Structures are given as structure tokens and as C-alpha cells.
Number of protein chains: 2
Amino acid sequence: MNAITGNDGVERRAALLATAAEVFAARGYNATTVRRIADDAGLLAGSLYYHFDSKESMLDEILSAFLDELWAGYGTVLAAGLGPRETIEALVTQSFRQIDRHGPAVAIYQRESRHLSAQPRFAYLADTRLKFENAWLRTLERGVAERAFRADLDVRLVYRFVRDTVWVAASWYRPGGVHSPEEIARQYLSMVLEGITPRT
Amino acid sequence: MNAITGNDGVERRAALLATAAEVFAARGYNATTVRRIADDAGLLAGSLYYHFDSKESMLDEILSAFLDELWAGYGTVLAAGLGPRETIEALVTQSFRQIDRHGPAVAIYQRESRHLSAQPRFAYLADTRLKFENAWLRTLERGVAERAFRADLDVRLVYRFVRDTVWVAASWYRPGGVHSPEEIARQYLSMVLEGITPRT
DNA sequence: TAATCTACCAAACACTTGTTAGGGAAGGAG
DNA sequence: CTCCTTCCCTAACAAGTGTTTGGTAGATTA
């Protein structure tokens with residue numbers, strides 16, 4: 001696509017990872033050839049191996065960089081001691097912000113994490129999934145106990161629906177569009193919290 | 001995995017397509033080798049070409065068979081002349097029934113339809129997507145006009161969220177589990193229609 | 001100026017991919 | 001018994017895969 005000229009070695013590496021992430025997100029990891037990444041970055045396939053050990057290393061670096069930043073954001077939210085409803089609101093908003101910043105990485109994670117986590121190198125994906133599930137489930141259960149959420153809903157199902165809807169948004173969300181991440185989060189929260197039918 | 005012995009030629013073909021769909025759904029279409037499908041079906045790679053023209057033909061047949069049946073169900077719902085809320089309820093229930101019956105096909109569609117629809121052979125995927133969007137958007141807009149749904153929500157955003165949540169369920173739903181498709185549809189509709197916070 | 005380092009290219013490597021060609025065992029039809 | 005169809009196997013093909021090796025233009029350092 002467009003050649004990338006970085007001033008620094010670190011910048012160059014980051015730029016290459018960014019284009020790799022875009023191609024991975026668009027075509028899928030396995031369907032993406034190393035030559036295609038090189039084409040989009042403006043160099044030849046072999047030259048990528050000056051910067052990275054392997055195609056797998058690029059994927060690893062993309063995913064763990066994203067997950068580190070994601071979990072940092074989640075950590076501060078969970079440590080803030082908010083009520084259940086406010087915690088859910090903050091988590092959802094954080095998630096849409098991450099989609100805004102790491103769109104391709106989110107798409108890759110959603111698409112490949114399931115079968116990648118079987119591989120030892122990507123075992124941390126399974127850990128993340130568990131920490132994730134715990135954070136959401138605890139918050140939802142606390143909300144039910146404190147009468148902030150309805151008691152007649154299956155909490156696990158609600159968790160799955162909410163989780164999926166938030167992350168799958170990465171497949172259609174494009175940064176710089178009409179809706180800001182915060183606006184999307186607000187609309188989504190309004191739908192899930194209040195429902196789409198009018199409250200008399 | 002397990003060898004499949006069909007009595008009829010048509011049965012055999014269907015059984016082979018079923019195993020192919022499972023592998024496609026689990027690993028992704030491009031990442032799936034024809035030898036892997038053959039292994040799981042209990043024959044050799046070349047032998048698959050007695051039944052099918054190509055790997056692409058298998059994918060085509062899987063997707064169009066699923067979409068045909070899906071649209072048959074949607075058609076009767078849309079022709080029934082129900083109110084907006086009842087139409088949404090029926091569409092969602094229909095969708096979860098399709099996930100129950102065509103789980104792998106749904107997963108494949110969700111994962112690959114975007115970049116497949118650029119290919120001429122799979123142009124019908126783009127058409128389906130449009131018909132889909134029209135059906136949902138019209139129903140939602142009619143609901144807003146008839147005061148069955150809230151007017152302060154962005155209908156397009158609601159559509160995307162609802163669509164994604166319903167279909168992505170194919171990635172975790174397993175037939176024969178504790179929840180029937182109808183039960184899952186009921187819980188999901190309750191969440192989206194009424195919201196997860198208590199109505200006083 | 002000479003030596004070194006950075007970032008890349010050109011060309012090949014071993015391997016996997018989807019697909020094809022030819023043949024053969026099993027069984028029903030004439 | 002012979003013919004024919006069905007269904008599969010063996011073996012190979014050409015193209016594409018991730019990766020390695022050796023070399024080199026240009027800037028940086030000594």
C-alpha cells in the first residue's frame with residue numbers, strides 16, 4: 001500500500017507491526033502471507049526477518065501489547081471501588097476506547113484467540129479470558145445482590161452477550177467516524193441497562 | 001477422527017459437508033487444509049475430489065444451504081404481519097434456532113463473509129447482508145414510529161449490536177447443552193427489550 | 001580515510017498447499 | 001461370466017508458504 005519511513009528503529013518496528021496488524025485483522029492470521037505484509041509496508045518479505053524472528057512473533061507482540069494496555073485500563077476501573085452499575089459503565093467505556101486505539105488487535109484477538117490459546121506460546125490468552133470472565137461475572141453478581149440488576153436473568157448468559165457485543169464492534173467500528181467511542185458506549189449502555197422499549 | 005459410512009451417495013455427500021463445516025468453523029477456512037478434512041472424514045485428500053469440484057465448492061455449498069434455510073424461516077416471519085416487537089422476537093428466536101441447527105455454518109458465515117463477498121462467486125453473501133439489514137432496520141424504525149421502541153436510540157447502532165450478539169452466539173453455543181435455543185432467545189430478548197436494571 | 005552498523009535486497013531453501021491422473025476393489029446389471 | 005458404475009487410493013504436479021543466507025548501499029563512528 002504505502003511505504004513507511006520511520007526515523008528511529010523503534011518507530012520503524014512499531015510501524016511494521018501496525019501494518020501487520022491491519023492485514024491480520026482484514027484477512028485472518030493464517031490467510032495472511034508474509035509477502036503481503038511486506039508489500040503493504042514497502043519492503044521485501046525476507047527483510048521483515050531483520051526486524052522480527054518470525055511471523056508468529058509479530059502476532060505475539062501485537063496481541064500482548066494490546067492486552068497489556070487493556071488490562072492496565074481495566075485494573076484502574078476495578079480498583080476504583082465503584083458500584084456495580086458504574087463499574088459496568090466504566091468497563092464498557094474502557095473497552096470501546098481500546099477498540100478505538102487498538103482496532104486491528106481487538107479484531108485479531110476475537111478471531112484467533114480461541115484456537116491460539118491451545119498453543120503454549122499463547123497460553124496467556126486463556127489466562128486473560130479467565131480474568132476477564134471473573135471481573136465481569138463478579139460485578140454482575142454483586143449488582144444482582146445489591147438490587148442494581150434484575151435477579152431473574154441468567155448472569156452467565158448476560159455476560160456472554162455483553163462481552164461479545166462489545167468486542168465484535170471492532171469488526172465494524174472505524175476510528176474517526178461519526179460516533180466517538182464514548183458516544184457508542186453511551187448508546188450501548190443505554191440499550192443494555194434500560195432496554196429498548198420505553199419505560200413508562 | 002471417526003470414519004463416516006453413508007448408505008446413499010447423497011447422504012455421504014451431506015456427511016462430508018458436515019465434517020468440512022466443522023473443521024472450517026474451528027480453524028477458519030483458509031487455515032483448513034483439504035487433507036485435514038479428509039482425515040476427519042476417514043478418507044484421503046484426493047478422494048474428496050470425487051465428491052466435490054474444489055475446496056471452494058464445499059464452502060459455497062455449506063454457506064448457500066444455510067442461507068437458503070435461514071431465509072425461508074425469515075420470510076415466513078416477515079410475511080406474518082406481526083407488530084414490531086413481535087417481529088423482533090420472532091426473528092431472534094428464528095436466529096437462535098438456526099444456530100442450533102447450522103452452528104458451524106453460522107460460525108463460518110460470521111467469520112469469512114466479509115472478505116468472501118468481494119469474490120464474484122460469493123457475491124450473494126453481500127446481497128444477503130443487505131436484505132438482512134433492511135428487514136431489521138425497517139422493523140426497528142416501524143417500532144419507533146409506533147412507540148413500541150424508544151425514540152432516543154440510534155437505530156443503526158441498535159441493529160448492529162443486536163445482529164452481532166445474536167450471531168456471535170454461534171461461537172459458544174453447543175447443541176444439547178443446558179439451554180435450548182428458545183430459552184436463550186427468551187433471555188436475550190428480555191435483556192434487550194426490558195434492560196438489565198429493574199423496572200420499578 | 002577506514003571500520004562498523006543499519007536496513008534492506010536477491011535468491012534460494014524445504015515444505016505445504018489444492019488439485020489431477022490413473023488404477024483398482026467391490027458389487028450390481030445384463 | 002462380463003460390463004459398468006461407484007468409491008476410493010497411490011502418486012505425483014505446480015504454485016505458494018515461511019524462512020535463511022550472503023551480499024550491499026548508505027549513514028555513522030573512530
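Note that the coordinates shown come from a computational prediction; the quantities given were computed from them, not determined experimentally. Proteins come first, then strands; the chains are lettered A, B, ... in the order of their sequence lines, and each starts at number 1.
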Which of the following nucleotides, C:dC9, C:dA12, D:dT6, is nearest to the side chain of A:Arg35? C:dA12
Nearest-angstrom distance from the residue atom CG of A:Leu48 to P of D:dT17: 14 Å
What nitrogen or oxygen pairs link the protein and nucleotides 20-23 of chain D at under 3.5 Å?
none

Given A:Phe132, which of A:Tyr74, A:Tyr159, A:Tyr109 fulfils the ring pair (Phe, Tyr, Trp, His ring centres under 6.0 Å) condition? A:Tyr74
For the residue pair A:Arg160 and B:Trp172, would you count it as a cation-pi contact if the rule is NZ or CZ under 6.0 angstrom from the ring centre and within 45 degrees of the ring axis? yes
Can you see if the side chain of A:Arg12 gets near the phosphate of C:dC8 - specifically, an N or O under 4.0 Å from OP1 or OP2? yes
Value in whole Å for how far the P atom of C:dG18 lies from CZ of B:Phe52: 15 Å
Specify the separation, in whole Å, of atom CG of A:Asn30 and atom P of D:dG16. 18 Å
Presence of salt bridge, A:Glu194 and B:Arg150, under 4.0 angstrom: no
Taking C:dT17, D:dC8, D:dG18 as options, the one with an atom nearest any side-chain atom of A:Lys55 is D:dG18
Using side-chain heavy atoms (C-beta onward) and a distance below 4.5 Å, is A:Glu89 in contact with A:Gln94? no
Checking all strands, does A:Thr32 fall into the base, sugar-phosphate, or nothing category for heavy-atom contacts under 4.0 angstrom? sugar-phosphate
Figure out the CZ/P separation between B:Arg36 and C:dT16, and round it to whole Å. 15 Å
Mind checking what makes salt bridge (charged side-chain N to carboxylate O under 4.0 Å, His left out) contact with A:Asp164, not counting sequence neighbours? none
Closer to the 5' end of DNA chain C via nearest nucleotide, is it A:Leu43 or A:Tyr50? A:Tyr50
Less than 4.0 angstrom between a side-chain N/O of A:His51 and OP1 or OP2 of C:dC8, yes or no? yes
Which whole-number value in Å describes the distance from B:Leu44 CG to C:dG22 C1'? 15 Å
Between P of C:dT17 and OH of B:Tyr29, the distance in whole Å: 14 Å
As a test of reading the structure: which of C:dA10, C:dG18, C:dT19 is closest to the side chain of B:Thr33, going by heavy atoms? C:dG18
Spatial distance of atom CD (B:Glu22) from atom CG (B:Leu17) [nearest 0.5 Å]: 11.5 Å
What are the two closest heavy atoms between A:Asn30 and A:Lys55, and how far apart are they? O-NZ, 3.9 Å
